[in-house]
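Just dropping this structure here.
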Amino acid sequence: MIDVVLLRDEPLARHTAMRVGGPCDALLVVHRESALLEAIEVASEWGTVTWLGHGTRLAVRDGGVSGVFLRLGTDFAQIDRTHGGAWTVGASVPVPALLEAARGAGLSGVERLAGVPGSFGAALAAEEDLEAIVQSVRFVHRGRIRQGSLEEARKGRASRLILSATLALTPSTSGAVRDAMKAARAARLPPGSFWKEPKGGRLRRRLVRSGLGDVRIRKAMIPARAPELIVNLGGARSADIDLLAKSAKDRVKQHTGVVLEPRIRWLGQR
Ligand SMILES: Cc1cc2nc3c(=O)[nH]c(=O)nc-3n(C[C@H](O)[C@H](O)[C@H](O)COP(=O)(O)OP(=O)(O)OC[C@H]3O[C@@H](n4cnc5c(N)ncnc54)[C@H](O)[C@@H]3O)c2cc1C
């Protein structure tokens with residue numbers, strides 16, 4: 001089994017949900033935990049290191065971005081279910097896969113994550129209230145693997161790579177868990193929403209009122225059925241997405257007085 005895959009000048013369009021973006025200096029995919037600390041050390045000597053999850057909230061501009069991206073692979077994509085409801089979940093596990101496993105086992109606790117896209121590690125790193133279900137977190141800090149609380153793992157978050165977390169799940173039934181997930185999913189924006197929910201809510205209604213739907217700039221499009229999305233029809237550039245987002249933002253401000261904020265973190269040069 002390969003420990004680490006190194007891809008030089010790798011276009012990040014291949015690794016982000018937006019499917020746009022030029023190359024980074026290098027992308028490291030670390031499959032074995034035994035190779036992780038050395039990989040981070042070497043990567044840090046090459047330049048700034050950015051942790052990459054499943055790329056649903058990161059997008060890179062056409063000019064690319066300098067530095068190294070590090071993604072967690074096989075060893076971090078496992079769920080250890082050997083201790084009852086105390087599941088240890090790897091950072092690379094997709095949130096939807098974790099939800100499905102918990103539903104199948106009839107265990108309650110992660111329902112609130114229904115509708116959240118991307119990797120479990122990135123969800124843990126996000127500023128949301130998950131303390132109640134997280135018993136402990138393993139993370140990398142200053143060249144060492146540590147175990148601590150979620151709060152500790154998030155401190156100075158940019159420099160701490162989350163590897164896994166042990167959750168406290170409680171017995172329930174698959175049906176009850178499924179219903180709770182359905183309710184949680186209905187209460188949030190679709191997973192691919194380009195925008196954060198504005199103050200006062202009603203994102204979709206505001207976009208529709210502003211005449212956004214089936215608006216297109218080259219290969220980037222806002223679909224009428226789900227105007228909170230910006231879809232890459234294939235071959236869009238970050239500049240197209242930018243322009244479409246800017247025009248949507250301007251229109252919503254003009255028609256509803258609300259200033260929209262993107263959910264996606266843009267990196268790199270235009
Ligand atoms: C309770 C809750 C509710 C949420 N609700 C929504 C929602 O309704 N809709 C929505 O779109 N999003 C929501 N989010 C945010 C969403 O979970 C994250 O944005 C998403 O998980 C990104 O996953 P990704 O793997 O695609 O991350 P990426 O896009 O790859 O990265 C996103 C950020 O996380 C960092 N990161 C990635 N992996 C790690 C790691 N292992 N350790 C530390 N940092 C890391 C990256 O450096 C980057 O800054 C919610 C999060 C939580 C916790």
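We number each residue from 1, following the sequence as shown. Order of appearance sets the numbers: ligands from 1, and atoms from 1 within every ligand. Keep in mind that what you see is a predicted model, and the values were worked out from it rather than measured. In what follows, every heavy atom counts, from backbone to side chain, and hydrogens, waters and symmetry copies are set aside.
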- Item | Proximal ligand 1 atoms for R188, defined as those under 4.0 Å from one of its heavy atoms |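 Here the atoms of ligand 1 in question are 3 (C), 4 (C), 5 (N), 6 (C), 7 (C), 8 (O).
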
- Query: Ion pair present between E33 and R138, side-chain N to carboxylate O less than 4.0 angstrom?
  - Reply: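 Judged by the 4.0 Å cut-off on N to carboxylate O distance, E33 and R138 do form a salt bridge.
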
- Answer with side chain, backbone, both or neither: which part of V116 has a heavy atom less than 4.0 angstrom from an atom of ligand 1?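 Answer for V116: side chain.
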
- Query: Is it true that a side-chain atom of D179 and a backbone atom of A176 form a donor plus acceptor pair closer than 3.5 Å?
  - Reply: no

- Report the part of R160 in contact with ligand 1, treating N, CA, C, O as backbone and CB onward as side chain, heavy atoms under 4.0 Å; options are side chain, backbone, both, neither. backbone

- Item | Distance filter under 4.0 Å to R265 heavy atoms, resulting ligand 1 atoms |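 Here the atoms of ligand 1 in question are 47 (O), 48 (C), 49 (O).
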
- Query: Looking only at atom types and distance, does a side-chain atom of R57 sit under 3.5 Å from a main-chain N or O of R263, one as donor and one as acceptor?
  - Reply: no

- Query: Are T166 and Q135 linked by a side-chain donor-acceptor pair shorter than 3.5 Å?
  - Reply: no

- Where do L70 and L72 land on the side-chain contact (heavy atoms from CB on, under 4.5 Å) test, with the steps shown first? CA-CA 7 Å; L70 189 142; L72 298 172; 4.2 Å; yes

- Message: Test of understanding: given a 4.0 Å heavy-atom threshold, classify the contact between L113 and ligand 1 as side chain, backbone, both, or neither.
- Response: side chain

- Message: For ligand 1 and R112, I'd like to know whether there is a polar contact (N/O to N/O, distance under 3.5 Å).
- Response: no

- Note on the structure: In ligand 1, the atoms that come under 4.0 Å of a heavy atom of A125 are 43 (C), 44 (N)

- Contact (N/O only, under 3.5 Å) between L72 and ligand 1: no

- Between S119 and S92, is any side-chain donor less than 3.5 angstrom from a side-chain acceptor? no

- Message: Do E152 and S149 pair up side chain to side chain, a donor and an acceptor below 3.5 Å, judged on atom types alone?
- Response: yes

- Side chain, backbone, both or neither: A123 near ligand 1, heavy atoms under 4.0 Å: both

- Query: Charged N to carboxylate O under 4.0 angstrom, R103 versus E100?
  - Reply: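 A salt bridge is present here (some side-chain N lies under 4.0 Å from a carboxylate O).
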
- Message: For ligand 1, which is the ligand I care about here, please tell me if G55 has any N or O atom under 3.5 Å from one of the ligand's N or O atoms.
- Response: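 In this structure, G55 places an N or O atom under 3.5 Å from an N or O of ligand 1.
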
- Answer yes or no: is there an ion pair linking D250 with K246, defined by an N-O contact shorter than 4.0 Å? yes

- Message: At under 4.0 Å between heavy atoms, is it the side chain or the backbone of P117 that contacts ligand 1, or both, or neither?
- Response: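 For P117, backbone and side-chain atoms both sit under 4.0 Å from ligand 1.
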
- Which part of L130 is near ligand 1, with near meaning a heavy atom under 4.0 Å away: side chain, backbone, both or neither?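 The answer is the side chain of L130.
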
- Query: Where on R57 is there a heavy atom closer than 4.0 Å to ligand 1, on the side chain, on the backbone, on both, or on neither?
  - Reply: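 R57 to ligand 1: contacts from backbone and side chain alike.
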
- Note on the structure: Numbered in order shown, the ligand 1 atoms found under 4.0 Å of a heavy atom of L161 are 40 (C), 41 (N), 42 (N)

- Pair R154 + E131: basic N to acidic O under 4.0 Å: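 Judged by the 4.0 Å cut-off on N to carboxylate O distance, R154 and E131 do form a salt bridge.
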
- Task: Could you say whether the N/O atoms of G115 and ligand 1 ever approach to under 3.5 Å?
- Result: no

- Is G53 in polar range of ligand 1, meaning some N or O pair under 3.5 Å apart? yes

- Message: Counting only nitrogen or oxygen atoms and a 3.5 angstrom limit, does R263 reach ligand 1?
- Response: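 Right, the criterion is met.
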
- Message: Just to verify, which of V60, I241, D242 counts as forming a side chain to side chain contact (heavy atoms under 4.5 Å, CB included) with V20?
- Response: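 Among V60, I241, D242, the one meeting side chain to side chain contact (heavy atoms under 4.5 Å, CB included) with V20 is I241.
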
- Query: Are any of the N/O atoms in I162 less than 3.5 Å from those in ligand 1?
  - Reply: yes

